[in-house]
Amino acid sequence: MKQVQSIVLAVYNFFVGDPIILTGVLAFFVIVGLLAHAMNASAGLGAGIVLIVGVILSLGLSLYRETQPKKK
Amino acid sequence: MHVILFAPDWVAGSASFLASAVEFVEALTIVLVVGLTINWRSSLLGAALAAGALAIIVAVFGVSLVKFVPIEVLRLIVGVILVMFGLKWLKKALLRYSGRKALHDEEAIYEEEQAALRARGELNTQKIDTFGVVTSFKSVLLEGLEVAFIVITFGLAGNGPLAKTSHAAQVAQANSLISAVIGAVLAGALVISAGALVRAPLARVPENTLKFIVGIMLTSFGTFWGGEGLGINWPLSDLILLPIIAVYLVTSFVTVQMLRVPGKPQAAKPAAQG
């Protein structure tokens with residue numbers, strides 16, 4: 001069990017290593033997926049803009065957390 | 001019988017080249033330390049074993065992913081992972097540009113690793129040294145995995161789906177993968193030649209700039225491919241990548257200005273990873 005945990009952790013650290021980026025990007029991909037599904041085949045620039053804004057927001061939040069003084 | 005002509009995919013090739021250059025510089029530092037401190041046989045054996053392992057990873061995953069995963073699903077998964085991976089690189093680069101994180105210093109890492117090996121009592125002999133082989137293998141494999149990931153993703157999600165027929169798509173995909181591999185090999189050859197010439201860590205390579213450029217490319221292509229995987233019909237087709245890149249570039253420059261610590265010099269000290 002410990003080995004599985006360490007493998008999952010290593011994969012997570014390799015690809016992301018940041019919980020805000022992980023949840024932010026996944027959440028916006030789900031939102032845009034639902035949006036695209038609701039708009040059928042016509043999902044265009046609007047859905048794309050939502051995705052880009054989501055990516056920027058995730059980066060911004062992660063940087064904000066990184067630059068805040070750490071609580072002891 | 002089909003004749004397949006190789007047409008380079010410049011995007012896959014250049015992304016792979018830039019990312020590989022950064023990772024090769026980092027791996028070279030450790031290979032140099034092991035070579036000079038223990039011996040070259042152990043160091044080069046470890047590096048060669050790792051290069052072989054990486055080639056197998058690219059071949060196995062590259063071929064099996066193309067064969068078994070539908071391209072729409074592949075693009076969505078690749079897009080999501082590329083965005084996360086790109087943001088990870090971009091975040092580090094922005095923190096370093098703004099002076100909030102120390103710049104990667106290959107010379108300092110080199111000195112630190114050399115001191116650690118000497119402290120272990122490693123001596124320069126001609127015998128194959130297991131510790132030296134493992135140290136060299138680990139560093140090349142770990143740094144190379146990121147390159148392998150970029151080569152596979154850019155190789156597979158490249159031009160293929162834009163092609164009109166399934167044969168044309170296969171040819172385009174093969175071209176992208178070959179271009180990505182060529183980019184990585186060229187970067188490796190360049191960095192290894194430079195390292196062999198100077199026999200010292202390549203401290204003057206603008207690692208942060210390369211990391212920033214690759215971070216922007218990965219995030220932009222990830223957004224584009226991920227969006228296509230979700231069913232977004234981007235206007236202007238793949239030309240939409242230019243405004244996406246521009247948006248991320250402008251955001252990055254604004255972010256660096258906002259994060260910049262006034263009057264604080266960008267101190268360079270060892271940073272173990274990335």
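Each chain gets a letter, A, B and so on, in the order its sequence line appears, and its residues count up from 1.
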Open item on the list: Working to the nearest 0.5 angstrom, can you tell me the gap between A:Leu45 CG and B:Ile240 CD1?
Closed with: 5.5 Å
TODO: Determine the interplanar angle of the B:Phe85 and A:Phe14 rings, folded into 0 to 90°, and report it as parallel if under 30°, tilted if 30 to 60°, perpendicular if over 60°.
DONE: tilted
Open item on the list: Is there a side chain to side chain contact (heavy atoms under 4.5 Å, CB included) between A:Thr67 and B:Leu95? Walk through the geometry before answering.
Closed with: CA-CA 9 Å; A:Thr67 51; B:Leu95 286 170; 4.0 Å; yes
Task: Heavy-atom pairs under 4.5 Å with chain B, option from A:Leu26, A:Leu22, A:Leu63, A:Val32 with the top count - done: A:Leu63
Open item on the list: Heavy-atom pairs under 4.5 Å with chain A - which of B:Pro235, B:Gly227, B:Ser252 has more of them than the others?
Closed with: B:Pro235
Open item on the list: Under 4.0 Å between a side-chain nitrogen and a carboxylate oxygen: does that hold for A:Asp18 and B:Lys88?
Closed with: no
Open item on the list: Just verifying a value: how many Å separate B:Ile244 CD1 and A:Ile52 CD1, rounded to the nearest 0.5 Å?
Closed with: 4.5 Å
- [ ] Could you tell me whether A:Gln3 atom CD has more than 12 heavy atoms of other residues or ligands within 6.0 Å of it?
- [x] no
Open item on the list: Quick check for you: to the nearest 0.5 Å, what is the distance between B:Thr223 atom OG1 and A:Ile56 atom CD1?
Closed with: 8.5 Å
Task: B:Tyr248 side chain reached by A:Leu59 side chain, heavy atoms, under 4.5 Å - done: no
Task: Proximity breakdown for B:Thr219 and chain A, heavy-atom pairs closer than 4.5 Å - done: side chain
- [ ] Measure A:Tyr64 against the heavy atoms of chain B and call it side chain, backbone, both or neither at under 4.5 Å.
- [x] neither
Task: Contact check, side chains of A:Val16 and B:Leu87, non-hydrogen atoms, under 4.5 Å - done: no
TODO: Against chain A, label B:Val80 side chain, backbone, both or neither, depending on which of its atoms sit under 4.5 Å from a heavy atom there.
DONE: both
Open item on the list: I need the B:Leu145 CG to A:Phe15 CZ distance, nearest 0.5 Å.
Closed with: 9.0 Å
Open item on the list: I need the A:Glu66 CD to B:Leu94 CG distance, nearest 0.5 Å.
Closed with: 11.5 Å
